[in-house]
Amino acid sequence: MKTDHILIIRFSAMGDVAMVVPVVYELALQYPEVRITVLSQPFARPFFEFLAPRVGFMDADLKNEYQGVVGLNTLYRRLTAKNFTAIADFHDVLRTKWLRTRFNIDQYRVEHINKHRMQKRRLTAHKHKVFKQLPSSFDNYADVLSRLGYPIDLGRFHSLFGEGHGNLRLLPLQIGEKKPFQQWIGVAPFASHTGKTYPLPLLKEAIEMMIKRHPSCRIFLFGGKERELKILDEIAAMHKHCINASAILGGLTNELILMSNLDVMVSMDSANMHLASLTGTPVVSIWGATHPYAGFLGWKQRMEDTVQITLPCRPCCVFGEKACRRGDYACLNRIKPSDIADHVDKIIRHS
């Protein structure tokens, strides 16, 4: 009998791909006889490489090796050699639609994600807004698998490191060992759009409050782009408690190890919220133009740990890319630094 072999396709940004991880884990756990291959961009390999038995990873460089229609056709031929029995498109964009069409022509079992676009338009509408919780990305991914004949229960995934933490001894010496009296706090100040980024002067105030309330804490700063790393260096130079972690860790795998040892992560609605979630670390997430109701809150993160204010215009967009209609980004500027510090306190006390 031919072994079932599912291809799961999800390109896009790091946060979106990170949200695939718990779903793939649950699929592998509940269908141990099924082979699973995740097709994504090269950066995603650490998410899936050691996730579970019979889970494999294929990378596709869409900007170079598989660019355009010719490149996608080359990728399709590579995929057909893997003898897949079912195709799960978790992305539903032009590239995956093209691949889906090819698979459909060749009579594969194919299903794709329902992104609930109409409901999201209503949620973000300027007038007649319908303000209610939409299905999460995790639910949407699981729905695709259910329609393929693999219904799963979500909830058992805890961390990429199982029930424990990543090994700190694998990290550069500047990180060191965690002392019993210390609180380790992560801070990721950046996001892809202005509408999702808490103003830096206010965030610096929040950091100062956290240091004052927790004098023995260490604060690890996370960022990616060159400009971001320079800003993190400036913050670290102001406080002996702070360290620019991303500048010394050398990549995603080490960042995940460090995140798994944090007491709490402070993050925007960004990839770092999802990365910390994959390590079982609680996140204080800051929301401005976007809203958790759109379905992008991190895995097992709690609504009570989100920091946001109520405005009739919120959310104005799903991804934070639109300019503020008011012109003042009140959704972010009206969040008090003390609100962030208070949420951090609650999580540290609970842990």
Side-chain angles (χ1 to χ4, degrees), residues 8-25 37-52 55-64 90-91 137-138 157-162 164-176 178 184-192 196 219-233 236 243-262 264-283 285 296 298-301:
I8 294 174
I9 306 173
R10 178 77 218 207
F11 301 121
S12 191
M14 186 176 293
D16 297 313
V17 180
M19 295 181 83
V20 174
V21 172
V23 179
V24 172
Y25 175 87
T37 296
V38 177
L39 176 68
S40 188
Q41 298 186 75
F43 70 74
R45 183 174 294 277
F47 295 151
F48 302 99
E49 202 162 25
F50 306 107
L51 182 63
V55 173
F57 179 81
M58 291 178 62
D59 59 63
D61 184 349
L62 300 177
K63 294 183 179 179
N64 297 294
F90 281 9
H91 201 172
S137 290
F138 308 109
F157 176 80
H158 174 67
S159 165
L160 289 167
F161 302 98
H165 306 283
N167 186 356
L168 287 172
R169 294 180 181 179
L170 298 176
L171 302 185
L173 293 176
Q174 296 98 310
I175 301 299
K178 186 176 184 180
W184 280 20
I185 302 170
V187 176
F190 306 107
S192 54
K196 298 201 296 184
I219 295 180
F220 299 93
L221 306 172
F222 294 86
K225 300 176 182 177
E226 183 176 352
R227 178 188 65 86
E228 296 174 354
L229 294 177
K230 288 181 180 179
I231 293 173
L232 297 185
D233 279 338
I243 180 171
N244 183 349
S246 291
I248 65 173
L249 287 174
L252 178 59
T253 299
N254 284 349
E255 289 196 0
L256 291 168
I257 291 173
L258 177 56
M259 287 182 188
S260 74
N261 286 276
L262 299 176
V264 59
M265 166 71 87
V266 177
S267 174
M268 310 300 113
D269 168 21
S270 68
N272 280 299
M273 171 182 63
H274 295 291
L275 297 183
S277 300
L278 293 186
T279 67
T281 295
V283 179
S285 54
F296 297 107
W299 175 254
K300 287 191 175 181
Q301 298 301 331

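Predicted model, so just to flag it, every value in this text is computed and none were measured. These values consider heavy atoms only, across backbone and side chains, with no hydrogens, waters or symmetry-generated copies.
A donor-acceptor contact shorter than 3.5 Å is absent between the side chain of T37 and the backbone of G56.
Not counting sequence neighbours, the partners of F138 by the ring-ring contact (aromatic ring centres under 6.0 Å, His included) test are W299. In this view, R169 and E177 satisfy the salt bridge (charged side-chain N to carboxylate O under 4.0 Å, His left out) rule, not counting sequence neighbours. Scanning for ring-ring contact (aromatic ring centres under 6.0 Å, His included) contacts around F47 gives an empty result, with sequence neighbours left out. Residues that satisfy the side-chain hydrogen bond (donor to acceptor under 3.5 Å, both in side chains) test with S192, not counting sequence neighbours, are absent from this structure. The salt bridge (charged side-chain N to carboxylate O under 4.0 Å, His left out) check on D59 picks up R45, with sequence neighbours excluded. Contacts of F11 classified as ring-ring contact (aromatic ring centres under 6.0 Å, His included), with partners at least two apart in sequence or in another chain: none. Residues that satisfy the side chain to side chain contact (heavy atoms under 4.5 Å, CB included) test with A13, not counting sequence neighbours, are D16. Under the side-chain hydrogen bond (donor to acceptor under 3.5 Å, both in side chains) criterion, K178 pairs with D263, sequence neighbours left out. For D233, the side-chain hydrogen bond (donor to acceptor under 3.5 Å, both in side chains) criterion is met by N244, not counting sequence neighbours. For T279, the side-chain hydrogen bond (donor to acceptor under 3.5 Å, both in side chains) criterion is met by T281, not counting sequence neighbours. Taking F90 as the reference, Y141 meet the ring-ring contact (aromatic ring centres under 6.0 Å, His included) condition, with sequence neighbours excluded.
In this structure, the side chains of F220 and I175 come closer than 4.5 Å at one or more pairs of heavy atoms. At a threshold of 4.5 Å between non-hydrogen side-chain atoms, the residues K196 and S270 do not count as touching. Looking at L278 and P22, their side chains come closer than 4.5 Å, going by heavy atoms from C-beta outward.
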Item to check | Step-by-step side chain to side chain contact (heavy atoms under 4.5 Å, CB included) determination, V17 to Q41 | outcome: CA-CA 9 Å; V17 180; Q41 298 186 75; 5.8 Å; no
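The CG atom of L173 lies 9.5 Å from the CD1 atom of I248; values are rounded to the nearest 0.5 Å. Here the straight-line distance linking atom CE of M265 with atom CZ of F222 works out to 4.5 Å at 0.5 Å rounding. Separation of atoms CE (M273) and CE (M268) is listed at 10.5 Å; rounding is to 0.5 Å. With values rounded to the nearest 0.5 angstrom, L232 atom CG is found 9.5 Å from R227 atom CZ. Note that CH2 of W184 and CG of L168 are 5.0 Å apart. Values are rounded to the nearest 0.5 Å. Atom-to-atom distance recorded for H274:NE2 and S137:OG is 7.5 Å, nearest 0.5 angstrom.
Taking both residues in full, the closest heavy atoms of G280 and S159 are given as N-CB, 4.0 Å, listed atom of the first, atom of the second, then distance. The shortest heavy-atom contact between G223 and L229 is O-CD2, 3.9 Å.
Using the six-membered ring where Trp is involved, Y25 and F157 have ring planes that are perpendicular, over 60° apart on the 30 and 60° scheme.
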Under 3.5 Å donor-acceptor pairs involving side-chain atoms of residues 251-261, not counting sequence neighbours:
| unit_1 | atom_1 | unit_2 | atom_2 | d |
| --- | --- | --- | --- | --- |
| N254 | ND2 | L249 | O | 2.7 |
| E255 | OE2 | S246 | OG | 2.8 |
| S260 | OG | G166 | N | 2.7 |
| S260 | OG | I257 | O | 2.7 |
| N261 | ND2 | G166 | O | 3.1 |
| N261 | ND2 | I257 | O | 2.9 |

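Counting heavy atoms of neighbouring residues, nucleotides and ligands inside a 6.0 Å radius, atom CZ of F50 does not exceed 12 of them.
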